[in-house]
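Atom set for the values below is all heavy atoms of this structure, side chains included, hydrogens, waters and symmetry mates excluded. Note that ligands are numbered from 1 as they come in the structure, with each ligand's atoms numbered from 1 the same way.
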Amino acid sequence: MSFLELNNASIAFGPAGNRTEVLSDINLSVAENEFVAVIGFSGSGKSTLVNMLSGLLPPTGGEVRMAGEKVTRPSPRRGVMFQSYSLLPWLTVYGNIHLAVKQVFPKKSKAELREHVERYIDMVHLTPARDKRPHELSGGMRQRVSLARTLSVQPEVLLLDEPLSALDALTRSVLQDEILQIWEQEKKTVVMITNDVDEAIIMADRIVPLTMGPKATLAEAFPVTLERPRDRRTLTELPEYKRLKADITSYLVGLNKEARELRGSNIIEMPDIAPRDFKAPSKIRGLKWKNTG
Ligand SMILES: Nc1ncnc2c1ncn2[C@@H]1O[C@H](COP(=O)(O)OP(=O)(O)OP(=O)(O)O)[C@@H](O)[C@H]1O
């Protein structure tokens, strides 16, 4: 049964008369505890899609529903984790998570708050770094804090907007495994945005391509039926993995080609002109130098 739904949802930006429809006629139905990966090119509208799912950006057409209710504003029931860590630099790991938890669970006692915050710090293996500030942490550690903070408010839906794309390949795979472990243990509904086919296959139950914008829409999904837990050391050798990777990659390459051809027909011819004088000036704001050109 569908838990999170997008029904003919669209997002347009710009003033009346000059509007651009970035997302058009998006339909998606995510079951409870399902892990869906949305894969797309840069600029296609992936973050706009996350903002719409979270309730930050109301659709200009159609609707978003969660557990049958229309989504009209952000709520702690939908936790978002962004590509940038968005941590408060003057607070420690503990402080960053504590702030979020206190906001969402104001009735918890001091001791309950402490126990709750420490549980999530432990979940992402950051207990030894509990009192460090963001500048004292590596990129992977910062992203772990961000994950712990998102999880600590106990959302039912996790929206992950390219959470690992700024990390090196090794850290990225460690964090993929940690997110999967947490997902299995905490049973969340996940929509993860990614631009990495391998990441999508390793993590998701279903991969949905987002076509190129403007008027980007979701294409037909690729189901991933590989058994869980998935072992990345042996997974890449499986015929199903290879077939999926080839199918999704060639689909994405096709999208890119199609978009380039469309853009090609809109190319504006520029006049063939050259500057009359291209000598470097001898003086700029009182600064003199020898013209060697
Ligand atoms: N608030 C806004 N006002 C006007 N245009 C916007 C706004 N937000 C996004 N856009 C436009 O919508 C399009 C999609 O942007 P979006 O950030 O969703 O893409 P993306 O796929 O997440 O890109 P990237 O992977 O590079 O982060 C872009 O052309 C962008 O300029």
Side-chain angles (χ1 to χ4, degrees), residues 4 6 8-28 30 36-64 71-74 78-86 139 142-143 146-147 150 157-169 172 175-176 179 190-201 203-204 206-222 248-249 251-268:
L4 185 64
L6 285 165
N8 303 318
S10 310
I11 294 270
F13 293 115
N18 190 22
R19 276 172 99 64
T20 305
E21 200 166 59
V22 171
L23 296 178
S24 178
D25 215 13
I26 302 261
N27 287 292
L28 179 69
V30 186
V36 169
V38 173
I39 192 158
F41 289 95
S42 180
S44 53
K46 301 187 300 301
S47 299
T48 305
L49 181 68
V50 167
N51 291 338
M52 178 163 72
L53 281 168
S54 72
L56 268 169
L57 197 59
T60 39
E63 58 170 19
V64 184
V71 169
T72 53
R73 63 175 76 89
R78 294 175 294 280
V80 189
M81 183 176 164
F82 299 100
Q83 184 180 344
S84 58
Y85 323 110
S86 54
R142 283 182 213 167
Q143 217 36 317
S146 175
L147 175 63
T150 308
V157 170
L158 264 184
L159 302 169
L160 310 176
D161 187 3
E162 299 194 62
L164 311 178
S165 58
L167 305 176
D168 64 88
R172 190 169 177 149
L175 266 157
Q176 285 166 356
I179 292 177
V190 178
V191 177
M192 183 181 76
I193 304 291
T194 183
N195 52 22
D196 181 337
V197 179
D198 291 292
E199 181 167 275
I201 303 178
M203 300 185 80
R206 196 151 49 106
I207 301 171
V208 194
L210 182 65
T211 64
M212 304 281 267
K215 286 186 179 283
T217 195
L218 293 176
E220 205 175 316
F222 291 85
I248 297 170
T249 309
Y251 181 79
L252 292 173
V253 169
L255 276 185
N256 195 21
K257 192 164 165 257
E258 206 174 283
R260 260 191 290 147
E261 279 165 7
L262 273 176
R263 256 185 274 135
S265 62
N266 287 332
I267 286 177
I268 302 166

Would you check if Ile179 and Leu160 make a side-chain contact, meaning some heavy-atom pair closer than 4.5 Å?
yes
Could you say whether the N/O atoms of Gly45 and ligand 1 ever approach to under 3.5 Å?
yes
For atom 23 (O) of ligand 1, closest protein heavy-atom neighbour
Gly43 N, 2.8 Å
Show the numbers, then the answer: is there a side-chain contact (heavy atoms from CB on, under 4.5 Å) between Ile207 and Val197?
CA-CA 9 Å; Ile207 301 171; Val197 179; 5.9 Å; no
Within a distance under 4.0 Å of any heavy atom of Ser47, pick out the atoms of ligand 1 and give their elements.
17 (O), 18 (O), 20 (P), 22 (O)
Students should be able to answer this: which protein heavy-atom is nearest to atom 18 (O) of ligand 1, and at what distance?
Thr48 OG1, 2.5 Å
Exercise check, heavy-atom protein proximity under 4.0 Å to atom 30 (C) of ligand 1
no
Please identify which atoms of ligand 1 are closer than 4.0 Å to at least one heavy atom of Phe41.
21 (O)
Of all the atoms in ligand 1, which lie at a distance below 4.0 Å from a heavy atom belonging to Glu162?
25 (O)
Compute whether any side-chain donor of one residue and acceptor of the other, for Asp25 and Thr217, lie under 3.5 angstrom apart.
no
Less than 4.5 Å apart, side chain to side chain, heavy atoms only: is that true for Leu57 and Phe13?
yes
So, does Ser146 use its side chain to make a donor-acceptor pair with the main chain of Arg142 at under 3.5 Å?
no
Test your reading of the model: is there a side-chain donor-acceptor pair from Arg206 to the backbone of Val36, 3.5 Å cut-off?
no
Sub-3.5 Å N/O-N/O distance, Val22 and ligand 1:
no
Flag side-chain contact, heavy atom, 4.5 Å: Leu53 against Leu6:
yes
Please tell me if atom 26 (O) of ligand 1 is touched by the protein, where touching means a protein heavy-atom distance below 4.0 Å.
yes
Quick one: nearest non-hydrogen protein atom to atom 1 (N) of ligand 1, plus distance?
Phe13 CE2, 3.5 Å
Could you check whether any heavy atom of Gly40 sits closer than 4.0 Å to an atom of ligand 1, since that is the contact criterion I want to use?
no
Output yes when a side-chain donor or acceptor of Thr60 lies under 3.5 Å from a complementary backbone atom of Ser10, and no otherwise.
yes
